[in-house]
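Read the structure below first, then the notes.
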Amino acid sequence: MLTNLLAIFLISAIVSHSKALRFPQELYNLSSNQIFIVDNLSRPPSSSASPTPLLSPAVSSPLVPALFIIGDSTVDCGNNNYLGTFARADRPPYGRDFDTHLPTGRFCNGRIPVDYLALHLGLPFVLSYLGQTGELEDMLHGVNYASAAAGIIFSSGSELGQHISLTHQIQQFSDTYQQFVLSLGEDVAIDLISSSVLYVSIGINDYIHYYLRNVSNVQNLYLPWGFNQFLASTMRQEIKNLYNTNVRRFVVMGLPPIGCAPYYLQRYKSNNGECVEEINDMIMEFNFFMRYMTDELLHELPDAGIIFCDVFQGSMDIIRNHKSYGFESTANACCGLGKYNGWMMCMSPQMACRNASDHIWWDQFHPTDAVNAILADNVWSSRHTEMCYPMNLEKMVFSQSLNNLV
């Protein structure tokens with residue numbers, strides 16, 4: 001086991017210096033391995049400010065071999081740039097506060113949560129599956145399969161055009177695993193996958209583009225309770241499928257409070273920015289099912305590390321305590337048109353506010369870089385609030401690392 005892990009890290013270290021800066025998505029200071037956070041513990045730095053180096057010793061080597069990502073627009077780093085779809089973030093002002101100050105396909109003004117988590121893990125930013133060359137060295141640090149508009153249900157978001165469904169993303173991950181087996185050998189491939197982290201963030205489009213739109217009369221077929229149970233049971237089976245592909249470290253993200261998103265504030269005619277409770281109630285119920293499912297899987301799959309992170313809980317903490325986090329606007333999107341800037345999506349730099357770092361929402365549905373940094377810190381170390389169960393990612397990584405050495 002240790003021999004195989006050492007082989008993985010040696011290959012990764014050699015590849016890091018030759019390939020890690022080929023793409024803008026992988027901008028990362030590999031020479032010093034600095035992780036950037038803010039000195040003020042109440043909030044992350046402004047997206048336009050210079051990052052502050054972490055005061056503790058820099059990560060000298062990756063804590064895990066790789067980070068693999070399955071999900072939707074919350075973590076899509078550019079896959080949809082290669083698809084025929086309206087769900088694309090390949091134009092300004094998207095990416096204006098990113099490291100390159102250019103649009104990359106991230107639905108944000110800057111970094112998405114998995115960018116911050118990659119740095120915490122000592123890894124470069126992870127490449128999109130469709131943006132990499134298919135060569136082994138491009139995939140050793142991980143692959144991002146996420147696709148905007150994708151949902152747990154195959155057809156969710158299809159009215160926007162092409163997207164990579166959850167089932168298809170899992171198949172792409174399986175293809176990557178098979179490439180590792182062919183190139184590295186089965187034992188090394190198994191150790192690489194089982195020692196890496198797989199991050200799953202998907203499900204919100206099943207509400208935005210399916211249930212709330214009442215596609216195929218779904219609301220008359222399923223009450224919210226039954227719909228949530230269906231989604232959670234589907235996720236349970238997909239996680240077991242990933243487990244059968246030797247994944248052992250899972251981060252399963254819950255859903256955010258989209259009842260507070262600018263799009264629904266204007267659509268449901270919120271008077272003073274009050275969240276739409278009937279939507280948020282559905283989301284909380286889904287997250288409840290997902291947390292219960294996580295507990296079940298931990299007993300069913302005893303050698304797996306699975307953590308569930310309640311994004312609703314973490315996001316509502318930010319909204320309720322926005323002043324202490326440094327946010328001024330909790331309801332208005334930084335970029336958009338109409339009431340709360342929620343009527344029309346972000347389409348041009350002229351539609352964007354000057355300073356995104358004092359806004360919670362970047363566009364109709366997506367948070368700003370500043371919010372992503374807070375949520376990522378909570379996933380990693382519960383820095384601002386406890387939202388991950390039964391532990392945060394840092395504890396899971398270090399506890400399982402120690403177990404591997406025994």
Separation of [Y] [atom2] from [X] [atom1] (nearest 0.5 Å):
| X | Y | atom1 | atom2 | answer |
| --- | --- | --- | --- | --- |
| L67 | F125 | CG | CZ | 11.5 Å |
| C77 | R111 | SG | CZ | 13.5 Å |
| C309 | Y199 | SG | OH | 7.5 Å |
| L265 | Q364 | CG | CD | 11.5 Å |

Check the side chains of [Y] and [X] for a donor-acceptor pair under 3.5 angstrom, ignoring hydrogens and angles.
| X | Y | result |
| --- | --- | --- |
| N392 | S382 | yes |
| Y389 | Q313 | yes |
| N332 | N341 | no |
| Y94 | D363 | yes |
| H366 | S73 | yes |
| S128 | Y82 | no |
| H120 | D377 | yes |

Assert yes or no for the condition that the ring centre distance of [X] to [Y] is strictly below 6.0 Å.
| X | Y | result |
| --- | --- | --- |
| F286 | W225 | no |
| Y145 | Y129 | yes |
| F173 | F68 | yes |

Assign the ring pair Y207 / F227 to parallel, tilted or perpendicular, where the plane angle (0 to 90°) is split at 30° and 60°.
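If you compare the ring of Y207 with that of F227, the planes turn out perpendicular.
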Look at the aromatic rings of F327 and Y325 and report parallel, tilted or perpendicular, splitting at 30° and 60°.
tilted
Criterion side chain to side chain donor-acceptor pair (under 3.5 Å) on N241 and N244, from CA distance to verdict
CA-CA 5 Å; N241 291 339; N244 291 334; 4.6 Å; no
So S357 and D369, side-chain contact (heavy atoms from CB on, under 4.5 Å) or not? Walk me through it.
CA-CA 7 Å; S357 66; D369 173 288; over 6 Å; no
For S156, which residues count as a side-chain contact (heavy atoms from CB on, under 4.5 Å) partner, sequence neighbours excluded?
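S156 satisfies side-chain contact (heavy atoms from CB on, under 4.5 Å) with I153, D206, Y210 once adjacent residues are dropped.
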Evaluate C260 against I319 for side-chain contact (heavy atoms from CB on, under 4.5 Å), listing each step before the verdict.
CA-CA 9 Å; C260 304; I319 292 172; 4.0 Å; yes
Could you walk me through whether I258 and V276 pass the side-chain contact (heavy atoms from CB on, under 4.5 Å) test, one step at a time?
CA-CA 8 Å; I258 57 165; V276 182; over 6 Å; no
Among N79, N80, D76, N205, which residue meets the side-chain hydrogen bond (donor to acceptor under 3.5 Å, both in side chains) test with S147?
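The single option meeting the side-chain hydrogen bond (donor to acceptor under 3.5 Å, both in side chains) with S147 is N80.
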Is C335 close enough to C353 that their SG atoms are under 2.5 Å apart?
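The answer is no, since C353 and C335 keep their SG atoms 2.5 Å or more apart.
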